[in-house]
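Worksheet for the structure shown next.
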Protein chains: 2
Amino acid sequence: MAVTIKDVALASGVHVSTVSRTFSAAHLVNPDTRTRVLAAASALGYRPNRAARALSTRRTGNLGLIVADIANPFFPPLIKAAQAHARRSDHHVFVADTDEQARVEEELIRSMATQVDGALLVAPRLSNRLIAELSADVPFVVVNRQPAGLPAVLMDVASGAAQAVDHLASLGHREIALLTGPRASWTNQRLERAAEEAALRRGLLLHSVGPNQPTEEGGAAAAPGVLALDATAVLAYNDLVALGLVQELRALGASVPGDLSVVGVDNTHTARHCDLTSVDMPTAAAGRSAIDLLLHRISSEDPPGTVTLDTRLVVRGSTAPPPV
Amino acid sequence: MAVTIKDVALASGVHVSTVSRTFSAAHLVNPDTRTRVLAAASALGYRPNRAARALSTRRTGNLGLIVADIANPFFPPLIKAAQAHARRSDHHVFVADTDEQARVEEELIRSMATQVDGALLVAPRLSNRLIAELSADVPFVVVNRQPAGLPAVLMDVASGAAQAVDHLASLGHREIALLTGPRASWTNQRLERAAEEAALRRGLLLHSVGPNQPTEEGGAAAAPGVLALDATAVLAYNDLVALGLVQELRALGASVPGDLSVVGVDNTHTARHCDLTSVDMPTAAAGRSAIDLLLHRISSEDPPGTVTLDTRLVVRGSTAPPPV
DNA sequence: TTGAAAGCGCTAACAC
DNA sequence: GTGTTAGCGCTTTCAA
């Protein structure tokens, strides 16, 4: 049996409530008794039982982190940062993967509800209505989506997309293809708009191609369509799409960046290795900000805020001047 | 306030204990009352409070998953699979990242101890002694390490490494460099031995180079040393090392696979994209097996077992015959 | 088959 | 500054 507050009380000759205070409101206890209690506690190897504490305080010290797909390289840096940041305020993090399914997402949230103080929803698939409904049970912070009334952290692809278009224009490209992603994706919406605006500003022709599956397969499938256009450069919804496209283009005999320049979005690990020019998403910073917002929301009645983080282009070897 | 067992009892006109039984030992309650209780429960949206339940049953329904670095592409598929598999038996998973530090690992385990029924340690950095000590508090299953007396899941790189050496020998290579990883790593030990044996068997000369940092930087740093050898092929500790090496080799003017063939280990997402020949590690299967072992260990007194999973080589474009 | 009651480990008034 | 007591939501004997 694990050592409890009772054992510590016995060992240090005080009542359990004094032991409790020593750990949850140290300033209310006499310094002498406190040292005595602390000594006994560490001698016995006492650790407060969080579940028991949660029962009376209604604070579990746990957070939920719900993502669409842990294995998508976009997420791990965010998970890592969020988890590390949460730990600083002594919170543990449940990580769950919805497999991109809204129904799983809902069930996950409901089943976690009694065990967490709040949850981070990253690019949720749920309807706004359902998010609002569930947020009555669990305080949420949403990442890369903006449901009314909820605190959100947004990695705004707009700035990076504009830089990408500028970069391509400077290289001499005149026609660009945009491989769009899921219509419902907030990122996709921002990306489309920003690319259109930037193309207009620079006098480029923008071909919108999509929606595409946000995967390598989606990118590969788009390759023939891209080749059929007169575009000399492509901006893809994310790195997976970009890399799938590059692979298929090369398989079809086209050279990247010789015949076609390709730009991805997310700046994942893989983009770095595959020498893909990409729009960097500040996922780690987003994870930390989201945890901050969540902890703040949990412990205060302030109106929820929104944090918007900028993105920036990272130029690598997949972009070059168009063929002459 | 969330709806509790009490509310359900009131609404269905039975005592709380009957409601409790309906959820935890349904067979002990009259079918009629049961339907009544269930109806009331779902009407009110009742969900059992797991923390409260844990207090009396000493079962939290939570598991811990502790890895060195969530952002290392080796881990996400394992985390994803483990988490999904745990969910099938209604378990939630705390995921935590030790940043490769043994001290953090220990603290994490201790702080989770009261909140989990067991934990998965993936490639732990802790000493065997400490692992044994902590396992008194928390049932463990260890992945890719084999502390005496604990159940373990091993992804045995030996089979894949042998295949890699065979593959290189068949291509005509006679001298191979092995970039080793951390000495303490079980995988590294297996890798070294298997490579040596296979080289001997095939009559190849094996140059062992290392230990290297298990990162891109480690691989890049090893490039000059590799070029100084007469080796025409390299087997690297993992994909990160392999990719770092490839990048640096190319920067130094060497062609891969023209001048030098390179094989990685892990078969990460990135290896697939960068066309790197690599030894596939069955990380998802390992995650599931580990969860199975853990759940079994938690609910039975049987002696702990060990599961060994084989690995296999995946040939891609980073290997070719040696230069003539 | 169901109800009553004690207790899991801890916190939070309230009294002294 | 510390002890007393009730109670968080649930399970689990024990009786009935």
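We name chains A, B, ... by the order of the sequence lines, and we start the count at 1 in each one. All of these numbers come straight from a predicted model, not from anything done at the bench. Hydrogens, waters and symmetry mates play no part in the numbers below; they use all other heavy atoms, side chains included.
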Q. Which whole-number value in Å describes the distance from A:Asp7 CG to C:dC8 C1'?
A. 13 Å

Q | Charged N-O contact under 4.0 Å between A:Arg129 and A:Glu106 | A | no

Q | Rounded interatomic separation in angstrom, taking CZ from B:Arg59 and P from D:dC10 | A | 19 Å

Q. Is there a donor-acceptor pair closer than 3.5 Å between any side-chain N or O of A:Asn188 and the backbone N or O of A:Gly181?
A. yes

**Q.** Side-chain N,O (B:Arg58) to OP1/OP2 (C:dG9) below 4.0 Å
**A.** yes

Q.
Which label fits A:Phe94 and B:His92: parallel for a plane angle under 30°, tilted from 30 to 60°, or perpendicular past 60°?
A. perpendicular

Q | Any donor-acceptor N/O pair, A:Arg34 side chain to A:Val29 backbone, under 3.5 Å | A | no

Q: Please answer whether the main-chain N or O of A:Arg53 pairs with a side-chain N or O of A:Thr57 as donor and acceptor at a distance below 3.5 Å.
A: yes

Q: State, to the nearest 10°, the angle formed by the axis through the first five base pairs of the helix from C:dT1-D:dA16 to C:dC16-D:dG1 and the axis through its last five.
A: 40°

Q: Mind listing the residues from residues 25-35 of chain A sitting with a heavy atom below 4.0 Å of DNA chain D? Number order is fine.
A: A:Leu28, A:Val29, A:Asn30, A:Thr33

(Q) Under a 3.5 Å distance rule, please check whether A:Asp7 uses its side chain to pair with a backbone N or O of A:Thr4 as donor and acceptor. (A) yes

Q: Grab the CD-C1' distance between A:Gln115 and D:dC8 for me, whole Å please.
A: 15 Å

Q | Polar side-chain atom of A:Asp117 near backbone of A:Leu63 as donor-acceptor pair, under 3.5 Å | A | no

Q) Between A:Arg47 and B:Glu107, is there a salt bridge with N-O shorter than 4.0 Å? A) yes

**Q.** Option from A:Thr308, A:Thr187, A:Val142 for which side-chain contact (heavy atoms from CB on, under 4.5 Å) with A:Leu154 holds
**A.** A:Thr308

Q) Do B:Asp99 side-chain atoms and B:Gln101 backbone N/O form a donor-acceptor pair below 3.5 Å? A) no

Q: Quick one, give me the B/S/- string for nucleotides 10-16 of chain C, reading 5' to 3', where B means a protein heavy atom under 4.0 Å from the base and S means that only happens at the primed atoms, P, OP1 or OP2.
A: BBBB---

